Amino acid sequence: MRYFHIAAIPGDGIGQEVLPEGIRVLDAAGEITGSFRLRYDYFPWGCEFYLRHGTMMEAGALDILRRYDAIYFGAVGFPSVPDHVSLRGLRLPICQGFEQYVCYRPSLLLPGIPCPLAGKQPGDIDFVVIRENTEGEYAGAGGRAHRHLPLEVAVETTVMTRAGVERILRYAFKLAMQRRRLLVNATKSNAQQHVMTFWDEICNEVSRDFPEVRVERVLIDALAARFVLRPESLDVVVGSNLFGDILTDLGAAIVGSMGLAPSGNINPEREYPSMFEPVHGSAPDIFGKGTANPIAMIWCGALMLDHLGEAPAAEMILRAIRAVTGCAEARTPDLGGTSTTAEVTGAILAAMRAQAK
Ligand code: IPM
Ligand code: MG
């Protein structure tokens with residue numbers, strides 16, 4: 001029996017509703033496989049915490065989190081706090097401070113899910129976006145001067161380091177080797193003549209170590225169109241922080257719902273804990289109704305188990321998700337159904353138990 005210590009951060013909005021559902025599934029996976037047990041500590045960080053204490057998380061938060069095997073994270077952001085404050089106070093310091101430089105975001109068309117693109121079958125869409133997660137457009141380099149004067153100016157500079165670009169590209173190439181050996185490099189080196197040409201050059205250098213991987217350099221605007229027109233041509237897509245951010249909302253939309261898109265913020269060297277969070281945000285518009293789709297959060301749990309070396313449990317959860325989407329009995333409103341969050345989780349738990357029999 002293996003034991004893992006998990007830091008649970010529900011955060012804001014529907015993060016508070018879906019995280020407990022994910023934990024029900026994680027615990028059941030541990031029971032059914034008999035291979036591991038999870039222990040959780042909860043941290044009430046987020047916008048409510050900010051309104052009371054003036055910071056998104058407590059002092060020394062990273063020192064506390066560092067002791068855990070992984071972080072299970074709901075969502076951050078609420079209308080009561082400016083978005084740039086909530087982001088820069090919680091998710092970003094964790095991703096950057098813990099060198100979670102890989103943001104791993106699969107897009108998979110599940111059985112039974114109506115695809116907004118015409119004529120696509122399950123299996124037609126199956127790719128992973130690897131988003132650089134610690135620098136680039138999110139580096140925070142810049143400032144404002146001449147505040148409130150006619151001369152006012154704002155500057156925000158993309159920062160790309162050779163080490164930072166190389167490590168994310170290497171990870172993407174390695175992943176492509178385990179998949180269909182197709183790598184799309186999302187770039188914009190025609191317009192961004194400094195940072196993106198640098199990125200492309202490093203991509204060329206790294207590609208020499210992976211001669212079996214076919215690399216395509218695709219400009220980000222054309223790539224956005226290709227996500228819609230020919231998603232079946234994609235396997236691994238690697239992009240900068242902002243490009244990856246935009247592409248992964250698109251990736252979630254084409255597989256049917258933001259509520260189906262999981263994400264892992266990963267430190268591949270395992271020097272620090274990795275953090276697993278759905279791509280969707282806190283969704284204040286549906287918060288409190290009990291109808292948020294828990295599947296993205298549950299799938300994040302599977303990614304977390306996989307990262308912790310519990311692949312059979314992760315696969316069991318994914319099979320149960322497929323079984324539930326495939327039979328269309330339990331569906332939340334984002335998928336056109338009327339089920340509650342807890343009912344969908346219940347169906348997934350039942351599908352896991354049925355597999356175990
Ligand atoms: C995401 C989100 C965040 C991001 C927001 C909440 C700032 O959109 O995880 O994709 O841009 O990174
Ligand atoms: Mg995003």
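In each ligand, atom 1 is the first atom listed, and ligand 1 is the first ligand listed. Just so you know, these numbers come straight off a predicted model, no measurement behind them.
When ring centroids are compared, F78 and F287 come within the 6.0 Å threshold.
Partner S240 forms a side chain to side chain contact (heavy atoms under 4.5 Å, CB included) with one of K188, E137, Q192 and no other, that one being E137.
Enclosure of atom CZ in R180 by more than 12 non-hydrogen atoms of other residues, nucleotides or ligands within 6.0 angstrom is indicated.
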Between ligand 1 and the protein, find all N/O pairs closer than 3.5 Å and give the distance for each.
unit_1	atom_1	unit_2	atom_2	d
ligand 1	8 (O)	D245	OD1	3.2
ligand 1	9 (O)	R105	NH2	2.8
ligand 1	10 (O)	R105	NH1	3.0
ligand 1	10 (O)	R105	NH2	3.3
ligand 1	10 (O)	R131	NH1	3.2
ligand 1	10 (O)	D245	OD1	2.8
ligand 1	11 (O)	Y138	OH	2.6
ligand 1	11 (O)	D245	OD1	3.4
ligand 1	12 (O)	R91	NH1	3.3
ligand 1	12 (O)	R131	NH1	3.4
ligand 1	12 (O)	R131	NH2	2.8

Report task. Report the C-alpha separation of H307 and F276 in whole Å, then their side-chain angles, then the decisive distance to 0.1 Å, and conclude whether the ring-ring contact (aromatic ring centres under 6.0 Å, His included) test is met. Result -> CA-CA 10 Å; H307 180 77; F276 299 84; 5.7 Å; yes

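Here D245 meets the criterion, with an N, O or S atom under 2.8 Å of the Mg ion (ligand 2).
Figure legend: cation-pi geometry between R131 and Y138, with NZ or CZ positioned under 6.0 Å from the six-membered ring centre and within 45° of its axis. For the pair R167 and Y101, the cation-pi criterion (under 6.0 Å, within 45° of the ring axis) is fulfilled.
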